[in-house]
Protein chains: 2
Amino acid sequence: MKKATIKDIAKAAGVSIATVSYILNDVKTQSISDETRVKVLKAAQQLRYVTNRTAQSLKVKKTGLIGILWFKGNDDYLWSDLKYAKTIQAIERHCSELGYHVLFMQIDNLGPSSKIIMERNLDGVFLMNVDQEQFTTISNYFGFGVPVFVVDSYIEDPLFHKIVPDFARSFQAARSLLGEAPQFLVMDSYNNAELVEFIKRQSGLDEERIHVCCDNIKDMHEFLSVYAGRPGIVLNEFLAHEAAKTHNRLAVLCTSHCPEIVPQGMAKVAFDLNDYKEIVRMMDRNIQDADEVSREKFYCLSVIT
Amino acid sequence: MKKATIKDIAKAAGVSIATVSYILNDVKTQSISDETRVKVLKAAQQLRYVTNRTAQSLKVKKTGLIGILWFKGNDDYLWSDLKYAKTIQAIERHCSELGYHVLFMQIDNLGPSSKIIMERNLDGVFLMNVDQEQFTTISNYFGFGVPVFVVDSYIEDPLFHKIVPDFARSFQAARSLLGEAPQFLVMDSYNNAELVEFIKRQSGLDEERIHVCCDNIKDMHEFLSVYAGRPGIVLNEFLAHEAAKTHNRLAVLCTSHCPEIVPQGMAKVAFDLNDYKEIVRMMDRNIQDADEVSREKFYCLSVIT
DNA sequence: ATGAAAGCGCTAACAA
DNA sequence: TTGTTAGCGCTTTCAT
């Protein structure tokens with residue numbers, strides 16, 4: 001029970017393989033008589049033909065494959081799993097809409113893993129949660145014209161597109177939801193140190209009023225105890241749950257993309273994962289036009305309140 | 001800046017492409033002089049050669065691609081996202097160990113989507129959360145010898161391998177952790193109705209003592225109110241959190257694979273995702289040996305207490 | 001409107 | 001030990 005090829009169709013329909021290819025691909029520059037078109041299509045159906053994308057890719061030098069490389073540093077936090085799970089879902093959904101398939105890979109060191117980009121001839125790549133060092137590693141791994149979009153990293157490198165939540169607007173929104181200036185910030189951690197710094201800056205708060213959460217939840221509660229009864233901002237729904245045990249004047253930025261779990265009555269600001277539709281479209285344009293000029297290299301996931 | 005091919009290497013090293021192929025693939029049946037081996041390897045490195053897996057796949061008729069098709073019915077529960085995110089992570093990790101790459105796809109209807117299996121020539125497939133109907137759809141889509149492993153479905157079809165948590169043992173464990181017979185069961189829902197029935201049976205409880213959770217959390221609390229103060233079992237950590245608000249004699253089966261979020265002091269039974277190592281190995285064997293006899297078609301994720 | 005044929009990059013059987 | 005070559009399934013140019 002072997003799979004049918006265009007050759008089989010050609011034989012069955014009594015035409016050449018070129019003709020079959022024209023018809024199956026609906027090539028516009030080629031005119032085909034209705035008669036043969038029907039003949040071929042019928043044969044294709046009977047033989048249960050499906051395109052062999054491997055062969056097609058080899059020929060057209062486009063695989064239709066988008067890679068998602070997820071750097072899973074040491075942190076194995078639930079919030080991080082969920083955030084990226086949601087992100088991956090959004091990316092896959094929109095890639096799918098445009099006919100792309102998604103290769104998913106967790107990596108812990110970019111060197112060997114990033115070979116996948118070249119080996120598999122990925123058309124485009126999403127990099128999630130990479131730090132500066134990995135960034136430089138990968139950036140000289142290829143100037144091969146593969147569009148690379150980086151999620152949750154804040155790096156000034158014109159080679160890459162950057163995607164982050166719209167922190168500026170979300171802090172603003174949080175403040176206005178609180179109705180007063182926040183006194184402190186508790187935030188989740190990122191592999192990319194620059195992003196952490198960027199977030200801190202955006203919050204407008206002094207360093208000592210900011211706590212970056214690591215594995216130890218005790219530290220957070222200790223930090224929070226200083227601000228008892230004061231209003232503050234928490235990044236990510238899970239930390240918000242913890243903080244809610246001792247604080248009630250909180251606004252939470254839903255960086256894990258699960259606004260539904262924020263405790264009732266707590267002010268929340270979410271981000272729009274549907275923005276990935278536009279982002280994937282942009283990647284697609286980059287793929288079509290190798291030298292498409294993309295002015296803007298920063299994409300901010302828009303705020304939902 | 002084009003990518004180097006074995007042809008380029010051959011030219012650079014002054015040998016034939018066959019020789020290059022032999023060396024790069026370390027073909028055992030072929031003896032190669034140390035001299036040429038070194039020459040070729042050096043050239044390969046200099047040219048930054050990486051295998052073109054597309055071409056290779058076409059030739060050897062193995063893509064090294066494993067598909068994960070995730071049926072995301074209507075339910076878009078957090079617990080479900082997390083459960084399958086964790087599962088996908090485990091599968092990817094172990095596939096990676098064996099040199100496979102993972103194609104990830106969310107589907108809402110199996111017909112068109114499952115074309116990916118044929119188009120991309122997937123070597124193996126994991127199907128997650130499919131119901132009976134989709135099952136039959138896909139099962140006649142191919143007897144193409146692609147090993148298919150089904151996660152969270154309970155169907156008697158010798159064509160597929162089934163993977164489910166070890167419910168029998170986990171109920172047992174839960175009971176003994178409770179120290180007494182559970183009076184009720186609250187469980188998460190699955191697309192696969194048979195699995196739901198199977199779980200109910202395994203619990204050993206009467207139908208009316210079992211509540212299957214849908215979107216409405218109110219229903220659950222209503223159900224629970226009947227059993228105030230009585231011991232019971234909850235499937236999945238998130239529901240456990242809800243239930244914990246009114247009940248304290250609970251044992252939770254961690255079907256979302258996040259035992260770390262079970263409230264302190266609550267009895268919990270988890271499942272071992274590392275079992276996927278063996279499962280993926282089994283799939284690998286099936287791939288190598290098209291007609292490998294696998295006696296056992298059921299895999300139960302083992303219990304951790 | 002249709003077909004012949006080259007060739008994408010690779011492997012492997014066969015020849016030398 | 002090394003090289004020649006056919007061919008995997010497809011697209012596409014150029015003839016017919």
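For clarity, every value in this text was computed on a predicted model and none was experimentally measured. By convention in this document, chain letters (A, B, ...) are assigned in the order of the sequence lines, proteins followed by strands, and residues within each chain are numbered from 1. Computed from heavy atoms alone, side chains included, the values below leave out hydrogens, waters and symmetry copies.
- Side chains of B/Asn52 and A/Asn121: a donor on one and an acceptor on the other come within 3.5 Å.
- Remark: A/Thr19 is in phosphate contact with C/dG3, judged by side-chain N or O atoms under 4.0 Å from OP1 or OP2.
- The side chain of B/Val60 approaches C/dA12 more closely than any other nucleotide in the set C/dC10, C/dA12, D/dT11.
- Residue B/Ser33 is the one, among B/Leu58 and B/Ser33, whose nearest nucleotide of DNA chain D lies closer to the 5' end (criterion: closest heavy atom).
- Rounded to whole Å, atom P of D/dT4 lies 14 Å from atom NZ of B/Lys11.
- If you check every strand for non-hydrogen atoms under 4.0 Å, A/Ser57 touches nothing.
- Between the CG atom of B/Asn121 and the P atom of D/dC8 there is a distance of 14 Å, given to the nearest Å.
- For A/Lys59 against C/dG7, a side-chain N or O and a base N or O form a donor-acceptor pair under 3.5 Å.
- A close approach under 4.0 Å does not occur between any side-chain nitrogen or oxygen of B/Ser16 and OP1 or OP2 of D/dT4.
- Note: CD1 (B/Ile23) to P (C/dC10) measures 14 Å, nearest angstrom.
- In this structure, B/Lys7 places its NZ atom 15 Å from C1' of D/dG3, rounding to the nearest Å.
- Considering only side-chain N and O atoms, B/Ser21 lies under 4.0 angstrom from the phosphate OP1 or OP2 of C/dT11.
- Note: CG (B/Leu24) to P (C/dA12) measures 13 Å, nearest angstrom.
- Between B/Lys3 atom NZ and C/dC10 atom C1' there is a gap of 14 Å when expressed in whole angstrom units.
- A distance of 8.0 Å separates CD1 in B/Ile17 from NZ in B/Lys7, rounded to the nearest 0.5 Å.
- In this entry the distance linking CZ of A/Arg53 with P of D/dT11 reads 10 Å, nearest Å.
- Look at A/Asn25 and you'll find a side-chain N or O under 4.0 angstrom from OP1 or OP2 of D/dT11.
- In the model, A/Tyr49 has no side-chain atom that pairs as donor or acceptor with a side-chain atom of A/Asp8 under 3.5 Å.
- Here C/dG3 is the nucleotide among C/dG3, C/dC10, C/dA13 with the atom lying nearest to any side-chain atom of A/Val15.
- OP1 or OP2 of C/dG9 has not a single side-chain nitrogen or oxygen of B/Gln56 nearer than 4.0 Å.
- Around NZ of B/Lys86, the count of heavy atoms belonging to other residues, nucleotides or ligands within 6.0 Å exceeds 12.
- With C/dC10, C/dA4, D/dC8 as the candidates, the nucleotide lying closest to the side chain of A/Ala18 is C/dA4.
- Rounded to the nearest 0.5 Å, atoms OG (B/Ser114) and CG (B/Leu127) are 8.5 Å apart.
- The NZ-C1' distance, from A/Lys28 to D/dT12, rounds to 17 Å in whole Å.
- A salt bridge links A/Lys72 to A/Asp81: at least one charged side-chain nitrogen sits closer than 4.0 Å to a carboxylate oxygen.
- With C/dT11, C/dG9, D/dT11 as the candidates, the nucleotide lying closest to the side chain of B/Lys2 is C/dG9.
- Counting non-hydrogen atoms under 4.0 angstrom, A/Ile32 reaches the backbone sugars and phosphates but no base.
- Close to C/dG9, at under 4.0 Å from its OP1 or OP2, lies a side-chain N or O of A/Lys61.
- Using a 4.0 Å cut-off, no side-chain N or O of B/Tyr22 falls inside it from OP1 or OP2 of C/dA13.
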